[in-house]
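In what follows, residues are counted from 1 in the order of the sequence shown.
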Amino acid sequence: MSTWSKEELNRIAESDDLHISPFREDGVTYGTPTWIWSVVVGDSLYVRAYYGQNSRWYQAAVQKKAGRITVAGMTKEVAFEPVEGEIGDLIDNAYRTKYKGSPYLNSMISMRARSATVKVVPFTVHES
């Protein structure tokens, strides 16, 4: 695993175009890109499923634990880690700040969406 660079996080934080594609059942084929909201908290990237744990992309992300995202002109191979606990409050605040005024905000900070929060971690690319 790797970490996001400051430049990448800044680009992602300013962007509203993240598409997530967890692997399909075969573990090789990427799923259909799904547009979702994303927030940066500290040096980490987080996403939530609007429909909670019933969301197909969320179920695939938790089951396969990997896939890719496309955001801010970048395509990245990533791992997905389910998130629970107190970090949820910081993620809620990040959603409030980034998406204030949106009619969808309350849904994205609801317990339904909060229960389907995923940390997105970039893979390290090794060159030979």
Side-chain angles (χ1 to χ4, degrees):
M1 299 292 169
S2 182
T3 58
W4 298 103
S5 73
K6 285 288 184 198
E7 178 189 343
E8 289 171 328
L9 281 177
N10 288 338
R11 287 173 59 190
I12 293 168
E14 293 172 4
S15 179
D16 197 24
D17 69 345
L18 191 141
H19 287 79
I20 192 166
S21 304
F23 283 120
R24 294 185 186 266
E25 285 293 317
D26 64 9
V28 177
T29 308
Y30 295 104
T32 303
T34 302
W35 177 79
I36 59 172
W37 284 2
S38 64
V39 294
V40 173
V41 176
D43 61 357
S44 299
L45 173 63
Y46 298 93
V47 296
R48 285 186 173 161
Y50 181 86
Y51 292 108
Q53 294 181 8
N54 292 327
S55 295
R56 290 178 67 190
W57 78 257
Y58 173 79
Q59 291 177 0
V62 170
Q63 182 182 32
K64 295 300 174 187
K65 298 180 178 36
R68 80 172 148 206
I69 61 167
T70 304
V71 59
M74 301 180 286
T75 298
K76 295 282 190 178
E77 304 300 315
V78 295
F80 304 115
E81 302 172 0
V83 174
E84 296 178 354
E86 293 180 16
I87 187 72
D89 293 336
L90 297 175
I91 296 168
D92 284 353
N93 289 337
Y95 273 96
R96 285 184 187 100
T97 300
K98 185 172 180 180
Y99 298 104
K100 67 181 170 212
S102 169
Y104 303 106
L105 176 59
N106 286 338
S107 293
M108 292 306 292
I109 58 175
S110 70
M111 289 310 294
R112 177 184 71 190
R114 189 172 169 151
S115 73
T117 303
V118 176
K119 182 177 180 180
V120 181
V121 182
F123 280 119
T124 301
V125 177
H126 296 284
E127 296 183 20
S128 37

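Here the OG atom belonging to Ser44 is positioned 11.0 Å from the CG atom belonging to Leu90, to the nearest 0.5 angstrom. With rounding to the nearest 0.5 angstrom, the OG1 atom of Thr3 is 9.5 Å from the NZ atom of Lys6. Atom-to-atom distance recorded for Asn10:CG and Ser15:OG is 12.0 Å, nearest 0.5 angstrom. Atom OH of Tyr51 sits about 13.5 Å away from atom CZ of Arg56, to the nearest 0.5 Å. Asp89 CG to Ile91 CD1: the interatomic distance, rounded to the nearest 0.5 Å, is 9.0 Å. For the atom pair NZ of Lys76 and CG of Leu45, the computed distance is 11.5 Å after rounding to the nearest 0.5 Å.
Contact detail for Ser107 and Ala113: the closest heavy-atom pair is O-CB, 3.3 Å. Shortest non-hydrogen contact noted between Val62 and Lys65 is O-NZ, 3.3 Å.
Counting heavy atoms from C-beta outward, Val118 and Tyr58 have side chains that approach closer than 4.5 Å. Contact annotation: the side chain of Tyr50 never approaches that of Ile36 to less than 4.5 Å [non-hydrogen atoms, C-beta and beyond]. Side-chain contact between Asn54 and Arg112 is absent, with no heavy atoms from C-beta onward closer than 4.5 Å. Counting heavy atoms from C-beta on, the side chains of Pro22 and Phe80 come closer than 4.5 Å. Using a 4.5 Å heavy-atom threshold, the side chains of Ile69 and Ser21 count as separate. At a threshold of 4.5 Å between non-hydrogen side-chain atoms, the residues Val121 and Glu81 count as touching.
Proximity of a side-chain donor or acceptor of Gln53 to a complementary backbone N or O of Gln59 within less than 3.5 Å is not detected. Between the side chain of Arg68 and the main chain of Val78, no donor-acceptor pair closer than 3.5 Å is present. Put simply, the side chain of Lys119 never gets that close to the backbone of Val47: no donor and acceptor are under 3.5 Å apart. No side-chain donor-acceptor contact under 3.5 Å links Ser55 to the backbone of Trp57. Looking only at distances, a side-chain donor or acceptor of Asp17 sits under 3.5 Å from a matching main-chain atom of Ala72. Counting only distance, with no hydrogens or angles, the side chain of Glu8 and the backbone of Ser5 share a donor-acceptor pair below 3.5 Å.
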| message | I'd like to know whether Tyr46 forms a side chain to side chain contact (heavy atoms under 4.5 Å, CB included) with Ile87, so could you lay out the CA-CA distance, the side-chain angles of the two residues, the decisive distance to 0.1 Å, and finally the verdict. | response | CA-CA 10 Å; Tyr46 298 93; Ile87 187 72; 3.9 Å; yes
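No chain of hydrophobic side-chain contacts below 4.5 Å, direct or via other Ile, Leu, Val, Met, Phe, Trp or Tyr residues, connects Leu18 to Phe123. A continuous path of Ile, Leu, Val, Met, Phe, Trp and Tyr side chains, each step under 4.5 Å between heavy atoms, connects Val41 with Ile109, placing both in one hydrophobic cluster. Hydrophobic clustering of Ile, Leu, Val, Met, Phe, Trp and Tyr side chains at less than 4.5 Å, counting indirect connections, unites Val120 with Leu9.
Ring pair Trp37/Tyr99 is parallel by interplanar angle, where below 30° counts as parallel and above 60° as perpendicular.
Within the structure, every pair that satisfies the side-chain hydrogen bond (donor to acceptor under 3.5 Å, both in side chains) test and touches residues 24-36, not counting sequence neighbours, is listed here: Arg24-Thr32, Asp26-Thr29, Tyr30-Glu77. Applying the salt bridge (charged side-chain N to carboxylate O under 4.0 Å, His left out) test to pairs two or more places apart or on separate chains, those with a residue in residues 37-52 are Arg48-Asp92.
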